[in-house]
Amino acid sequence: MPPPTDDQRRPPKRVEAVPGTPFGVVHLDVAPVTSGLAIGALVAGVASVLVSLLVICFGVAFANDGGAWASGAFAVLGLLAGVAAAVAGLLGQRQIRRPAAPSAVRFTGRGLATAGISCGAAGALLSLLGLGLALLLALT
């Protein structure tokens with residue numbers, strides 16, 4: 001990896017001289033990092049929405065050929081992915097909100113975590129509604 005260019009270099013936060021020596025201690029500014037939990041929440045939330053669309057498609061298209069069974073299997077997957085997205089999003093928001101020491105890593109990605117929570121909740125709700133539709137079509 002090549003060394004950073006002059007525009008990429010960050011100036012030191014502060015420099016403290018060590019008494020009695022020609023040396024000093026340099027405190028560097030740590031760049032913020034996007035939260036992995038927030039990214040994971042968004043990925044799981046989008047996956048939950050996509051799986052919920054499969055639930056609806058199987059339930060409607062194959063209503064007379066056992067589509068309710070396939071919808072049920074995918075509904076469980078969509079529900080689990082939705083709940084995982086909501087939990088990861090809430091943990092990501094907590095990680096981002098937590099105050100960090102000046103030398104510690106700061107996390108960003110509040111919008112990603114919020115989007116993951118909302119997509120996960122929507123995916124879980126759509127999975128349940130799709131399963132209900134599939135069962136209703138299969139029973140009629």
Any pair with a residue in residues 64-74 that passes side chain to side chain donor-acceptor pair (under 3.5 Å), sequence neighbours left out, goes on the list, sorted by first then second residue, please. none
Donor-acceptor contacts under 3.5 Å from residues 46-55 side chains, at least two apart:
unit_1	atom_1	unit_2	atom_2	d
S48	OG	G78	O	3.0
S48	OG	G82	N	3.4
S52	OG	V49	O	2.6

Between I96 and V105, is there a shared hydrophobic cluster once you connect ILVMFWY residues whose side-chain heavy atoms come closer than 4.5 Å? yes
Within one Ile-Leu-Val-Met-Phe-Trp-Tyr cluster: L77 and F62, side-chain cutoff 4.5 Å: yes
List the atom pairs, with distances to 0.1 Å, where a side-chain N or O of residues 128-140 and a protein N or O form a donor-acceptor pair under 3.5 Å, not counting sequence neighbours.
unit_1	atom_1	unit_2	atom_2	d
T140	OG1	L136	O	3.1
T140	OG1	L137	O	3.3

Can you list everything that forms a side chain to side chain contact (heavy atoms under 4.5 Å, CB included) with L90? Sequence neighbours excluded, please. Q93, I117
What residues form a side-chain hydrogen bond (donor to acceptor under 3.5 Å, both in side chains) with S35, not counting sequence neighbours? Q95
Applying side-chain hydrogen bond (donor to acceptor under 3.5 Å, both in side chains), can you list everything that pairs with T34, at least two apart in sequence or on another chain? none
Heavy-atom closest pair (A38 atom, G109 atom, distance to 0.1 Å) is CB-O, 3.5 Å
